[in-house]
Each structure stands twice: as structure tokens, then as C-alpha cells.
Amino acid sequence: NAGVTQTPKFRVLKTGQSMTLLCAQDMNHEYMYWYRQDPGMGLRLIHYSVGEGTTAKGEVPDGYNVSRLKKQNFLLGLESAAPSQTSVYFCASSYSAGGRETQYFGPGTRLLVL
Amino acid sequence: AQSVTQPDIHITVSEGASLELRCNYSYGATPYLFWYVQSPGQGLQLLLKYFSGDTLVQGIKGFEAEFKRSQSSFNLRKPSVHWSDAAEYFCAVGAQVPDSWGKLQFGAGTQVVVTP
């Protein structure tokens, strides 16, 4: 099993450009999450999904959109990138509900917006 | 809403010495508590978690943590540190209410450096 994979690993964008980050998991997990990690701030939840076809806002959703058309994939989109979105993005997944479930993380995508 | 504080941004410890990382949380009820570790250039990996029962929790890689309700703390410990324990450690808290399931609040992290 590959676990949670993220594509791409690294990307440089110019301000105003758009891009999509792809997260895939092969563990048949219901829940998927997108976080951003910034120095001194830990991880902050951007959006999450509790199942195929559903998405919800997290702590810092502005400037991002997500889609979960297939259970195994969770896409994060930046429609018009801004320097403030320079960050490391992590995707995670967990089995069903309950709050006590372990989240499994991907290796991250490092994004630089110039 | 829940929140997490990791008071120590950076800790340096000698190999073979003991390690304790502090975590304080704020939440109105008993939370779910987690410790994750992030090695350089990697994603996060769960070390251990607490949600009920015995307040001393054993995890992987020889780590343990103790939940102290009176102090709102969930400190992580390891008796003897190995060089491979150099990493960043994150404490996280989750709420036990259904509409908050899975929505973890992470601390800012503690960077651990291990010296020979």
C-alpha cells in the first residue's frame, strides 16, 4: 500500500496563477483533510471531507477550493495564488468518524508563490 | 473551541538522556489528545493518542505520554533518546462532539535536536 500520496512535491507559482494539488489514498478512508504548515504555527486545517462528494471548511479556507469526486482522491485548488499562500501543504486521511481516529499524512507539497 | 500550547519551540538533548515535551490544552470537556512526529522532509506520523481510560499511554518508538486533567496537560516523554529521535513533535487536540470529529487543533511544534 502506498498510503497517502501527494502530487506535486514542489511547485513555484507566480502571483495570480492557478494550480491544483492532488491527494490520493489507498486505504479506503472516508475522511480526508488538507492542512497548511507554516513556521511557528503548526498545522492548520484548510478544508476537509467526510465522504465522497462532500466537503467542508476548516480553519483557514479563504483562497482555496476543494473537490472529492472519488473516495480515494481529494483535490485542493488555488484559483489565484498569492504570496501568503506560500507554505507546505499536507493531505491526510482517516477511517470513518469518531474523532479518535489516527490521521495518516502524505509527504507534503512545498509551494512557493512569487 | 479547543486550543493547544507547546511552550518549548526548541529543545536540545544529549543522546541517551531523557526527554520531556510539554503540551497544554484548552477544552471544555475531555478531549482526544495526540502526539505526532515529523522527520525532516516527511509527513507526520502518529506516536500515540489518548481518549479515555488509563492516563499513561504508551506509543511507538519508546515514547509515552501522561494525561493530567488537573493540569490540562499531555506531556510526552522518552527515557533515553536516540539520534533518530531528532525531529519536530506536534501535540494535537480533537473534540469529542460529532460535528468536530477529525478537526484537530495542532500546537506550534517543538523541534528536538539530539547531540552526540
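Being a predicted model, the structure only gives us computed values, none of them experimental. Chain naming here is simple, since letters A, B, ... match the order of the sequence lines and numbering starts at 1 in each.
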Before accepting this row, confirm whether a basic side-chain N of the pair B:Arg77/B:Glu64 lies closer than 4.0 Å to the acidic partner's carboxylate O. yes

May I ask you to name which of A:Gly108, A:Ala56, A:Pro39, A:Gly40 has the most heavy-atom pairs under 4.5 Å with chain B? A:Gly40

Would you call B:Lys61 and B:Asp85 a salt bridge, taking side-chain N to carboxylate O under 4.0 Å as the test? no

Side chain, backbone, both or neither: which part of B:Gln105 has an atom under 4.5 Å from a heavy atom of chain A? side chain

Are B:Asn24 and B:Thr5 close enough that a side-chain donor and a side-chain acceptor fall under 3.5 Å? no

Tell me, side chain or backbone of B:Tyr36 under 4.5 Å from chain A's heavy atoms, or both, or neither? side chain

Derivation of the side-chain contact (heavy atoms from CB on, under 4.5 Å) call for B:Gln38 and A:Phe105: CA-CA 10 Å; B:Gln38 183 181 28; A:Phe105 285 79; over 6 Å; no

Let me know if B:Leu44 has heavy atoms under 4.5 Å from chain A in its side chain, its backbone, both or neither. both

Measure distances from A:Gln6 to the heavy atoms of chain B and classify the residue's part below 4.5 Å as side chain, backbone, both or neither. neither

More than 12 heavy atoms of other residues, nucleotides or ligands under 6.0 Å from CZ of A:Arg110: is that the case? no

